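Since this is a predicted model, take the numbers as computed values, not measurements.
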Amino acid sequence: MLIRRLSAGAASAAIVAATLSFAPTAQAREEGMWTFDNFPIARVNRELGTNLDQAWLDHIRLSAVRLTTGCSASVVSADGLVLTNHHCVLECVQDLSTPENDHVQNGWLTATREEERQCPGMQAEILTGITDVTDQITAAGEGLEGDAYVRARNEAAGRIEREACGEDSTTRRCQVISFYRGGEYKLYEYDSFSDVRLVFAPEMQAGFFGGDPDNFNFPRYALDAGFLRLYRDGQPIRTNTFLTWNANAPTDGEPTFVAGNPGSTARLMTVAQMEAQRDFDLPIGQLQRSELRGRLIAFSERSDENARIALDPLFGVENSFKAIYGRDLALNDRAFMQRIRDNEAELRARVAADPALAERIGDPWGEIEALQDDYADLFLANRQLVGSAGGGSTLYGMARAIVRGTVGASASTNTAALERALSTDAPIAPELEEMYLSFWLSKTREYLTVDHPAVRQLLGTESPEALAERLIEGTSLTDREARLALLRGGSEAVLASTDPLIQFVLANDATSRQAAAEWNTRIVAPTNRAAERIAQARFAVYGSEVYPDATFSLRLSYGRVAGWTYRGQEVEPFTYIRGLYDRATGSAPFDLAPQWAAAQGRVNGDVVFDYSTTNDIIGGNSGSPVVNAQGEVIGAAFDGNIHSLGGNFGYDGTLNRTVVVSSAAITEALRNVYGRTALLEELGVR
């Protein structure tokens with residue numbers, strides 16, 4: 001299941017060692033997460049026999065939605081109805097649940113617009129403009145080194161964003177995004193919606209039927225679909241730009257297009273960088289993720305209420321663990337890594353064969369490789385004190401945002417966006433907050449050792465558990481008005497605050513900033529400079545038909561409905577509703593949701609439930625609309641097959657598959673399982 005910008009699943013080394021292509025000269029057909037301003041439309045029309053044009057691309061772009069919770073979606077009606085995945089609205093469903101009415105288990109089924117409820121903290125964005133700002137970002141760092149270079153570029157990006165959007169963080173968002181690992185910088189302008197309301201979500205058991213045993217596998221029988229609605233000024237938006245709903249299943253071989261926001265890939269990393277991922281990032285992250293999973297399970301087993309509030313966090317950790325497990329297998333496979341080396345060697349040889357190009361590019365690969373000793377020295381401190389600080393605690397994140405937004409020369413100038421983020425009504429579970437914070441403190445002490453100055457500064461004479469308990473029990477930041485009062489009071493109010501969590505962040509923030517500055521100086525700045533020259537080399541050798549790594553920005557992939565063959569076994573591209581009942585055993589995770597069990601005599605078992613395509617996607621694409629050549633939505637992408645686990649580093653067109661819940665199945669479920677006639681009418685289904 002693709003969730004919050006991460007793919008998930010489990011596979012053997014033999015699976016992830018399947019032939020992958022990485023360089024444009026060996027690019028697999030239908031490979032690529034293409035930006036909308038560089039989509040290879042002529043090639044796609046030629047290969048797929050379609051007749052796409054710029055108007056088609058614009059319509060898809062303006063109908064696609066990015067959810068700030070880490071998923072994708074699409075507008076599917078003139079009244080701002082939005083299609084996404086069930087697992088993309090799961091956090092909202094849980095936030096709107098109570099011990100007395102658990103909508104995660106029972107589903108969220110509205111009959112009228114008045115019953116639609118706002119998802120706390122969720123925002124939706126539609127891409128309206130793309131502007132190249134590479135020259136401005138590049139110029140900002142000229143003549144600077146290290147941390148000053150990184151900060152100057154970040155400040156330039158912030159200035160560009162403010163000039164484009166001003167202080168309006170309610171209806172617009174501007175974001176400068178790096179592409180090709182620094183080869184290009186683009187300003188993306190979005191129409192932003194802060195009032196996103198939940199319309200429909202099936203029961204957890206329907207949306208995630210089969211649980212982990214079926215996760216990242218196919219055939220699948222999951223109704224992984226949900227509906228939201230965009231509101232502005234208290235009213236549903238009215239729009240002429242939306243995807244027409246097609247209630248019919250596609251056919252085998254039919255062209256398909258996925259418009260979404262793949263979160264992150266590392267296909268353009270150097271061999272040395274991938275080896276650092278293999279040796280440091282992935283194993284350390286997995287060790288901590290595994291222990292956190294155990295703590296969440298233990299927490300859940302204490303009571304039914306604990307199980308309810310920990311369901312979504314545990315769901316996310318388990319998916320992340322499986323995603324990283326697949327990446328780790330790929331990077332530890334010798335054949336896989338040899339292909340990486342071969343492709344890098346080819347590019348370097350092509351550069352060396354052109355004296356003028358070689359003089360301009362130099363040896364950025366060697367420069368990055370030389371940085372890896374520093375990477376090893378600094379990795380743990382940067383991870384624990386910067387990247388993973390707080391261990392996922394929402395309250396810690398709020399405290400740090402308040403401190404950094406008000407105190408010091410680098411205080412935020414975009415207070416409107418910060419105030420909006422702190423205004424969330426999402427429930428906060430103090431018990432989970434305490435667990436996250438104590439876990440982070442204990443792991444920081446374990447990895448950096450007791451005598452590390454930062455650990456002494458963090459803990460003083462307290463244990464991780466006692467300190468976390470004191471900070472969470474004593475903080476007032478669970479109260480929205482208290483948070484906003486501190487922010488609005490500025491540095492004077494923050495420095496005078498007696499809130500223990502604010503004081504904790506104030507006391508330790510300088511240490512965190514120092515660790516970040518050293519990382520920027522010794523790793524980020526020199527890596528970015530070298531990566532930009534590698535991007536220039538790639539453009540020079542391969543031309544413009546190169547797609548960038550994923551950056552949780554809008555992309556379009558193309559493919560076809562297709563199954564696959566592995567070791568002589570053919571996997572058909574379709575499953576049917578009748579297969580759900582055949583697969584059901586009555587025991588979790590193959591027990592039927594009650595409403596599906598009751599509807600067995602009403603639903604059409606011959607309707608296509610889920611299907612697979614050759615589209616190139618990854619985590620963050622969850623909820624992406626799957627559209628046909630006519631621009632009609634025919635499903636929502638929600639997963640990949642087990643062979644796609646190496647997709648972070650490369651694409652194999654013979655085996656990698658996207659898994660989609662069909663619009664046909666969603667239609668059948670709305671009609672004959674849940675009786676949502678108003679939704680069907682809004683979708684134009686009679």
Side-chain angles (χ1 to χ4, degrees), residues 3-5 65-71 73 82 84 87-98 103-104 108 116-125 167-173 175 190 192-199 201 226 228-234 308-313 315-316 389-406 412 414-437 471-472 475-489 493-494 497 499 501-502 505 552:
I3 181 169
R4 294 188 182 87
R5 299 162 61 177
V65 177
R66 181 171 73 168
L67 300 177
T68 53
T69 50
C71 283
V82 168
T84 188
H87 74 261
C88 291
V89 301
L90 179 61
E91 183 177 2
C92 174
V93 176
Q94 185 162 342
D95 287 345
L96 297 178
S97 295
T98 64
H103 296 291
V104 173
W108 180 271
E116 297 172 2
R117 292 273 305 280
Q118 186 171 356
C119 290
M122 182 182 288
Q123 298 173 41
E125 299 167 345
E167 291 297 314
D168 181 8
S169 62
T170 303
T171 63
R172 298 187 66 204
R173 183 184 179 191
Q175 182 183 17
Y190 296 91
S192 182
F193 301 88
S194 57
D195 188 351
V196 182
R197 304 191 190 183
L198 184 62
V199 176
L228 302 162
R229 193 180 304 280
L230 306 182
Y231 279 71
R232 183 162 284 164
D233 299 325
R308 186 185 72 80
I309 64 177
L311 184 145
D312 187 53
F315 186 62
S393 163
T394 298
L395 291 172
Y396 176 91
M398 288 177 169
R400 186 164 70 168
I402 291 169
V403 168
R404 292 191 171 183
T406 57
S412 174
N414 193 357
T415 56
L418 184 53
E419 182 166 324
R420 186 171 70 175
L422 293 172
S423 297
T424 176
D425 286 323
I428 298 173
E431 306 94 329
L432 277 180
E433 291 290 303
E434 190 176 316
M435 186 195 71
Y436 287 141
L437 204 57
L471 295 177
I472 299 303
T475 187
S476 63
L477 299 185
T478 51
D479 179 16
R480 179 179 64 177
E481 295 308 315
R483 299 192 297 264
L484 294 176
L486 277 172
L487 179 66
R488 292 164 183 166
V494 172
S497 172
D499 188 290
L501 195 51
I502 291 290
V505 172
F552 198 49

- Below 4.5 Å, heavy atoms only, C-beta onward: do Arg117 and Arg197 meet side chain to side chain? no
- Are Tyr436 and Pro313 close enough that some pair of their side-chain heavy atoms sits under 4.5 Å apart? yes
- With sequence neighbours excluded, residues passing side-chain contact (heavy atoms from CB on, under 4.5 Å) with Ala421: none
- How long is the span from the CG atom in Leu432 to the CD1 atom in Ile309, to the nearest 0.5 Å? 5.0 Å
- Message: With a 3.5 Å distance limit and no angle check, can you tell me whether Asp499 reaches the backbone of Ser476 through a side-chain donor-acceptor pair?
- Response: yes
- Are any of the side-chain heavy atoms of Gln118 and Tyr231 separated by less than 4.5 Å? no
- Sub-4.5 Å side-chain heavy-atom contact between Glu91 and Met122: no
- Task: Could you list the residues that satisfy ring pair (Phe, Tyr, Trp, His ring centres under 6.0 Å) with Tyr396, not counting sequence neighbours?
- Result: Trp440
- Query: Between CZ of Phe193 and CD of Glu125, what distance do you get to the nearest 0.5 Å?
  - Reply: 10.0 Å
- Query: Once you round to the nearest 0.5 Å, how far does OG1 of Thr406 lie from CD1 of Ile502?
  - Reply: 7.5 Å
- Minimal non-hydrogen separation, Ala124 against Leu230, with atom names: CB-CD2, 3.6 Å
- Indicate yes or no: at least one non-hydrogen side-chain atom of Ile402 is less than 4.5 angstrom from one of Leu477. yes
- Between Leu228 and Leu67, is any pair of side-chain heavy atoms under 4.5 Å apart? yes
- Query: Which atom pair, heavy atoms only, marks the closest approach of Thr68 to Gly121?
  - Reply: OG1-O, 4.2 Å
- Task: Start with the C-alpha distance between Met398 and Ile428, add both sets of side-chain angles, then the distance that settles side chain to side chain contact (heavy atoms under 4.5 Å, CB included), and finish with yes or no.
- Result: CA-CA 12 Å; Met398 288 177 169; Ile428 298 173; 4.3 Å; yes
- Note on the structure: Smallest heavy-atom separation, Val93 atom then Ala201 atom, equals CG2-CB, 3.8 Å
- Message: With a 4.5 Å cut-off on side-chain heavy atoms, are Leu418 and Arg404 touching?
- Response: no
- State the OG-CG distance between Ser393 and Leu501, to the nearest 0.5 angstrom. 6.5 Å
- Query: What are the two closest heavy atoms between Ala399 and Val505, and how far apart are they?
  - Reply: CB-CG2, 3.8 Å
- Side chain of Glu419, backbone of Leu484: donor and acceptor closer than 3.5 Å? no
- Okay, side chain of Gln94, backbone of Asp312: is any donor-acceptor separation there less than 3.5 Å? yes
- Can you tell me how far NE2 of His87 sits from CZ of Phe315, rounded to the nearest 0.5 angstrom? 6.5 Å
- Task: Mark yes or no for whether Ser97, through its side chain, and His103, through its backbone, hold a donor-acceptor pair below 3.5 Å.
- Result: yes
- Message: Whether the side chain of Arg229 engages the backbone of Asp195 through a donor-acceptor N/O pair (distance < 3.5 Å, no angle test) should be reported.
- Response: no
- OG1 on Thr475 to CG on Leu437, rounded to 0.5 Å: 10.5 Å
- Query: So, the side chain of Glu433 versus the backbone of Leu395: is there a donor-acceptor pair under 3.5 Å, distance only?
  - Reply: yes
- Message: Do Gln123 and Arg420 make a side-chain contact, defined as non-hydrogen atoms from C-beta onward lying under 4.5 Å apart?
- Response: yes
